[in-house]
Amino acid sequence: MVVRQHGRSGGVVAVAAVLAVVTATGGCSVNEGVGSDGSSADRDPGLANAQGHLGGGQAQPDRSGTPVERGGPSATAPGDGDGPSGAVSDRGPGIAAADAVRSAADALLAAGSARARTSMETATGGTRVTLHGEGRYDFARGMGRLTVTLPEDLAGAEEHRPVVELLAPGALYMKNRGAGVPADKWVRIDTSTLADGNLVTGGATDPLTAAELLRGAGDVVYLGEKVFEGGAVRHFRGSTDLSRAARVARPAARPALAAAAKGFARDRVAFDVYLDDEGRMRKVRHRFTFANGDGTVTVTSITVLDGFGLPVAVRLPAEHDIYAGRIRG
């Protein structure tokens, strides 16, 4: 996995391997799910595919993996349009929409743990590339384990093995990273030193950080109740202010979010989030924008959670198992 850095008036933003691969290969033809106009035919990368082996017999969503509006047809996919015409701008059912979204992290902390599925997508020059991840996360400890897979067509033999990631407060551990790192060694990254706060660098957004980011939510619109994987969820759309999120997040999340507030091309991050009846985040989509030369590139990160309360085993590597040498690229 290669990390590239791009300048941004006074800072740098670290970008996930998927972006490095795309910009390096330019004309490659990985166009699954990309329409003739360059738009994505499936705006929920990885969700429908992951459903089969992670759904545990739950009711299936529609074929695109998009939550279905209760009592109606398929809802407009988040980020793909203006949403249902019945959207209300201020209040959800019995609670202010913004308050519900900002409380999502607290609901996850109360839940204790969950199974996580992630995808991270970017597109440039008509080529769309997606990374997929899956694993479990312990919200109480702020720790998790994910396996992140790079698309076959864009990975060399050395780099194609899935990258194992351990997420911990202030740190990211990666194994099978490539770039000259021995196969039996881990790479440790201090996330507060990354200009994106590790929101995209690892190829997956830390699930708890994704929820903490919502504490800065504003301009929230409630788009109605949907059915997602057999259960009722409430759909909210809005944008979050990175600087505000960094100020009001739990102390453990503040350094990474503060770094991200300085590193991205835009301070506001658009999102769509689906909350269950306990206020827990079942699915969130964030759209991050960073500078890339004279223009900008958008990275779409999706996190899906289920299996709340499942046991999670995460053991951080010993010091002698952490690679201390130079990393190529």
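- One finds the CE atom of Met281 at 8.5 Å from the CG atom of Leu208 (value rounded to the nearest 0.5 Å).
- Under the side-chain contact (heavy atoms from CB on, under 4.5 Å) criterion, Arg254 pairs with Ala249, Pro251, sequence neighbours left out.
- For the pair Arg280 and Phe308, the cation-pi test (distance below 6.0 Å, angle within 45°) is passed.
- When each of Leu275, Val221, Leu223 is tested with Phe236 by the rule side-chain contact (heavy atoms from CB on, under 4.5 Å), just one qualifies, namely Leu275.
- Proximity of a side-chain donor or acceptor of Lys226 to a complementary backbone N or O of Tyr274 within less than 3.5 Å is not detected.
- Between the side chain of Thr191 and the backbone N or O of Gly197 there is no donor-acceptor pair closer than 3.5 Å.
- Salt-bridge annotation for Glu121 and Arg128: present, with a side-chain N of the basic residue lying under 4.0 Å from a carboxylate O of the acidic one.
- Contact detail for Ala204 and Leu146: the closest heavy-atom pair is CB-CD1, 3.9 Å.
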Problem - Stepwise salt bridge (Lys or Arg N to Asp or Glu O under 4.0 Å) test for Asp277 and Arg234 - result: CA-CA 8 Å; Asp277 58 3; Arg234 292 169 294 154; over 6 Å; no
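- Using a distance-only test at 3.5 Å, with no hydrogens or angles considered, a donor-acceptor pair links the side chain of Ser113 to the main chain of Leu310.
- At a threshold of 4.5 Å between non-hydrogen side-chain atoms, the residues Thr149 and Leu131 do not count as touching.
- Under the 3.5 Å distance criterion, the side-chain polar atoms of Tyr137 are matched with a main-chain donor or acceptor of Gly142.
- Without hydrogens or angle criteria, Thr122 side chain to Thr298 main chain gives a donor-acceptor distance under 3.5 Å.
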Practice task
Take Val220 and Phe271 through the side chain to side chain contact (heavy atoms under 4.5 Å, CB included) test and state the conclusion after the steps.
Solution key: CA-CA 9 Å; Val220 179; Phe271 69 82; 4.2 Å; yes
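- In plain terms, the two heavy atoms of His286 and Ala210 that are nearest each other are CE1-O, 3.2 Å.
- Taking OG1 of Thr147 as the reference point, atom CD of Glu134 lies at 7.0 Å (rounded to 0.5 Å).
- No side-chain donor-acceptor contact under 3.5 Å links Arg237 to the backbone of Tyr222.
- Hydrophobic clustering (side-chain heavy atoms under 4.5 Å, transitive across Ile, Leu, Val, Met, Phe, Trp, Tyr) keeps Val248 apart from Val269.
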Practice task
For Ile189 and Asn198, run side chain to side chain contact (heavy atoms under 4.5 Å, CB included): C-alpha distance rounded to whole Å, both residues' side-chain angles, the deciding distance at 0.1 Å, then the answer.
Solution key: CA-CA 9 Å; Ile189 301 171; Asn198 192 36; over 6 Å; no
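- By the 4.0 Å N-to-carboxylate-O rule, Arg117 lies close enough to Asp306 to be salt-bridged with it.
- What you find for Ala253 and Glu212 is that their closest heavy atoms are CB-CG, 3.9 Å.
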Exercise for the section: Apply the test side chain to side chain contact (heavy atoms under 4.5 Å, CB included) to residues Leu316 and Met143: give CA-CA distance (whole Å), side-chain angles for both, the deciding distance (0.1 Å), then the verdict. Expected result: CA-CA 10 Å; Leu316 300 182; Met143 300 176 68; 3.7 Å; yes
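- By the side-chain contact (heavy atoms from CB on, under 4.5 Å) test, Arg188 is found to be paired with Ala171, Tyr173, Asp190, Ile322, residues two or more places apart in sequence or in another chain being considered.
- In terms of heavy-atom proximity, Thr240 sits nearest to Gly216 at OG1-C, 3.0 Å.
- In terms of modelled atom types and a separation under 3.5 Å, the side chain of Asp241 and the main chain of Arg268 share no donor-acceptor contact.
- Separating the CG atom in Asp321 from the CG atom in Asp184 is a distance of 7.5 Å, to the nearest 0.5 Å.
- The pair Arg282-Asp276 fails the salt-bridge criterion, with no side-chain N (NZ, NE, NH1 or NH2) lying under 4.0 Å from an Asp/Glu carboxylate O.
- Under the 4.5 Å side-chain criterion, counting only non-hydrogen atoms from C-beta, Leu305 is in contact with Pro207.
- Counting only distance, with no hydrogens or angles, the side chain of Arg285 and the backbone of Ser301 share no donor-acceptor pair below 3.5 Å.
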Practice task
Please assess Phe288 against Phe264 for the test side chain to side chain contact (heavy atoms under 4.5 Å, CB included), listing each intermediate value before the final yes or no.
Solution key: CA-CA 8 Å; Phe288 303 105; Phe264 281 95; 3.5 Å; yes
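- Two different hydrophobic clusters hold Val200 and Leu166 under the rule that ILVMFWY side chains link at heavy-atom gaps under 4.5 Å.
- Contact of the Val312 side chain with the Phe139 side chain is not registered, since no non-hydrogen atoms from C-beta on lie closer than 4.5 Å.
- Rounding to the nearest 0.5 Å gives a distance of 9.0 Å between CG of Asp206 and CG of Leu199.
- Cluster annotation: Leu109 and Leu167 are assigned to the same hydrophobic cluster (Ile/Leu/Val/Met/Phe/Trp/Tyr, side-chain heavy-atom contacts under 4.5 Å, transitive).
- Under a cut-off of 6.0 angstrom, the local environment of CZ in Arg145 is sparse, with at most 12 non-hydrogen atoms contributed by other residues, nucleotides or ligands.
- Distance OG/Ser239 to CG/Asp267: 11.0 Å, rounded to 0.5 Å.
- Leu172 and Val314 are assigned to two separate hydrophobic clusters, defined by single-linkage of ILVMFWY side chains at heavy-atom distances under 4.5 Å.
- Under 4.0 Å is where a charged nitrogen must lie from a carboxylate oxygen, and between Asp106 and Arg215 at least one such pair does.
- Thr303 approaches Thr118 most closely through the heavy-atom pair OG1-CG2, 4.3 Å.
- Atom CZ of Arg244 and atom CG of Leu257 lie 12.5 Å apart (nearest 0.5 Å).
- When all heavy atoms are compared, the tightest approach of Ser119 to His132 is CB-ND1, 3.9 Å.
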